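First up is the structure itself, then whatever we jot down about it.
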2 protein chains.
Amino acid sequence: MGITKTQIFNVEQNQLAIIFKVLSNPARIAILQYISQQESCICNDIVDEIGLAQPTISQHLKELKSIDLIKGEIEGKKVCYCINLSKWTEVQTLLNSFFNTTKSNCC
Amino acid sequence: MGITKTQIFNVEQNQLAIIFKVLSNPARIAILQYISQQESCICNDIVDEIGLAQPTISQHLKELKSIDLIKGEIEGKKVCYCINLSKWTEVQTLLNSFFNTTKSNCC
DNA sequence: TTTATATATTGCAATATTACGATAATAAAC
DNA sequence: GTTTATTATCGTAATATTGCAATATATAAA
């Protein structure tokens, strides 16, 4: 089939899965790490840094944006991508909550 | 293509991506949550609880085992699955390290 | 207004993932 | 040893993901 049976799981489970899926690619991890280290974060720099084609990077950036992990400010003909700190912290808290809850109930 | 260019990323990036990928499915989230709540955690119980076919659950359990997030003890004809607490904590620490490092460097 | 630069979108091929039926393997019960 | 119960594996269909070339869009510069 290839399709996940989303409807049989609850909102929290699907939400966690979506977050994990966005983070489940080394290119997107590398992009996040690179963006966080830059003063000004421009897509074309990312292309040079990561070593994937420009459309591929653009697609990964779109996926990161889809859950608001990053935000892009248009500066002339460039786009300055930055980590969305509030969402970043929110996600970290959510994941820790999942890890702590699951851990503490362990038999 | 469909294949991730693993070779252009470092060990940490690939490792994080693999962990996130294992966690990127709501069925596997649900399985982890369910296992953590049970005294004795048997695959057939999981099948009843989650609502996916037995081979599907078995496959998901295999993926969770592939990074040692769970361990299965054979008890007669049943298998008792449990969260692998040491690995669980290790993964949580690793993810927090990633989140903290990436966050703190943000411009 | 043409040209150059930066990013996004589209379309496609290769591969991966999800799910399940059929079946195999294992071990207890009889 | 046969049966029953539990879990794993195989094979397969449907869908998703990854990556890129070609192209579109948008803005600045000339």
Side-chain angles (χ1 to χ4, degrees), chain A residues 1-9 13-14 17-31 34-35 38 40-67 70-82, chain B residues 1-9 13-14 17-31 34-35 38 40-67 70-82:
Chain A
M1 306 203 166
I3 190 166
T4 303
K5 287 194 165 179
T6 308
Q7 70 282 1
I8 67 173
F9 303 106
Q13 289 159 346
N14 284 309
I18 287 170
I19 291 168
F20 284 128
K21 182 162 286 182
V22 168
L23 295 169
S24 74
N25 181 288
R28 291 195 286 274
I29 299 291
I31 289 171
Y34 182 68
I35 287 180
Q38 301 309 304
S40 65
C41 344
I42 302 146
C43 179
N44 221 261
D45 287 359
I46 302 175
V47 173
D48 295 340
E49 174 70 16
I50 308 289
L52 292 171
Q54 180 268 322
T56 307
I57 298 293
S58 188
Q59 192 180 297
H60 283 310
L61 288 168
K62 194 177 173 183
E63 289 179 67
L64 291 168
K65 263 190 293 186
S66 75
I67 59 165
I70 60 172
K71 47 187 175 184
E73 274 178 44
I74 298 167
E75 288 188 359
K77 52 185 167 185
K78 298 180 180 180
V79 179
C80 175
Y81 283 105
C82 281
Chain B
M1 304 201 166
I3 190 166
T4 304
K5 287 195 164 179
T6 308
Q7 70 283 0
I8 68 174
F9 303 106
Q13 290 159 345
N14 284 308
I18 287 170
I19 291 168
F20 284 128
K21 182 162 286 181
V22 169
L23 295 169
S24 74
N25 181 289
R28 292 195 285 274
I29 299 291
I31 288 170
Y34 182 68
I35 286 180
Q38 301 309 305
S40 66
C41 344
I42 302 146
C43 179
N44 224 262
D45 286 0
I46 302 174
V47 173
D48 295 341
E49 174 69 16
I50 308 288
L52 291 171
Q54 181 268 324
T56 307
I57 297 293
S58 189
Q59 192 180 297
H60 282 310
L61 288 169
K62 193 178 174 182
E63 288 179 68
L64 291 169
K65 263 190 292 187
S66 75
I67 60 164
I70 60 172
K71 47 187 174 184
E73 273 178 46
I74 297 167
E75 288 188 359
K77 53 185 167 185
K78 297 182 181 179
V79 178
C80 175
Y81 282 106
C82 281

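We name chains A, B, ... by the order of the sequence lines, and we start the count at 1 in each one. Computed from a predicted model, the values in this text were never measured in an experiment.
Rounded to an integer number of Å, the gap from CG of A/Asp48 to P of C/dT5 is 14 Å. Atom pair A/Glu63:CD and C/dT9:P shows a separation of 12 Å (rounding to whole Å applied). Atom pair B/Phe20:CZ and C/dA16:C1' shows a separation of 20 Å (rounding to whole Å applied). The distance from atom CD1 of B/Ile57 to atom P of D/dT6 is 15 Å, rounded to the nearest whole Å. The CG atom of B/Asn25 sits 17 Å away from the P atom of D/dT15 (whole-angstrom rounding). Nucleotide D/dA29 holds its P atom 13 Å from the CD atom of A/Glu75, rounded to whole Å. Atom CD1 of A/Ile29 is separated from atom P of D/dT18 by 12 Å (rounded to the nearest Å). Rounded to a whole Å, the NE2 atom of B/His60 is 13 Å from the P atom of D/dA8.
Phosphate contact (OP1/OP2 of D/dA8, side-chain N/O of B/Lys65, threshold under 4.0 Å): present. Taking side-chain N and O atoms only, B/Thr4 has no distance below 4.0 Å to OP1 or OP2 of D/dT18. An OP1 or OP2 oxygen of D/dT7 is reached within less than 4.0 angstrom by no side-chain nitrogen or oxygen of B/Ser58. Contact between the side-chain N/O atoms of B/Lys62 and the OP1/OP2 oxygens of C/dA19 is not found at any separation under 4.0 Å. Considering only side-chain N and O atoms, B/Tyr81 lies nowhere under 4.0 angstrom from the phosphate OP1 or OP2 of D/dT6.
The side chain of B/Cys43 lies closest to D/dT7, out of D/dT7, C/dC20, C/dT7. With distances taken from any side-chain atom of B/Lys77 to the nucleotides C/dT7, D/dC20, C/dA28, the minimum falls on C/dA28. For A/Asn44, the side-chain atoms get nearest to C/dT7 when compared with the rest of C/dA19, C/dA16, C/dT7. Distance from the side chain of A/Pro55 is smallest to D/dC20 among D/dG19, C/dA6, D/dC20. Considering only the side chain of A/Leu52, D/dC20 comes nearest among D/dA28, D/dC20, D/dT18. Side-chain proximity of B/Lys5 to the nucleotides D/dC20, C/dA28, D/dT15 is greatest for D/dC20. Checked against D/dT7, D/dC20, C/dT17, the side chain of A/Gln59 finds its nearest nucleotide in D/dC20.
Between A/Thr4 and A/Asn14 there is no side-chain heavy-atom pair separated by less than 4.5 Å. For the pair A/Leu61 and A/Ile46, the minimum side-chain heavy-atom distance is below 4.5 Å. When side chains are defined from C-beta on, A/Leu23 does not count as touching A/Arg28, because their heavy atoms never get closer than 4.5 Å.
Comparing A/Lys78 and A/Thr6 against DNA chain C, the residue whose closest nucleotide sits nearer the 5' end is A/Lys78. Of the residues near DNA chain C, B/Ala53 and A/Thr56, the one whose nearest nucleotide (by heavy atom distance) lies more toward the 5' end is A/Thr56.
For A/Lys65, the side chain to side chain donor-acceptor pair (under 3.5 Å) partners at least two apart in sequence or on another chain are A/Tyr81. In this structure, A/Gln59 has no side chain to side chain donor-acceptor pair (under 3.5 Å) partners at least two apart in sequence or on a different chain.
B/Phe20 and A/Ser24 make their closest contact through CB-CA, 3.6 Å (heavy atoms, listed as atom of the first residue, atom of the second, distance).
Here B/Ile74 lies out of heavy-atom contact (under 4.0 Å) with every strand.
At a cut-off of 3.5 angstrom, counting only N and O atoms as typed in the model, there is no donor on one side facing an acceptor on the other between the side-chain of A/Gln54 and the base of C/dA6.
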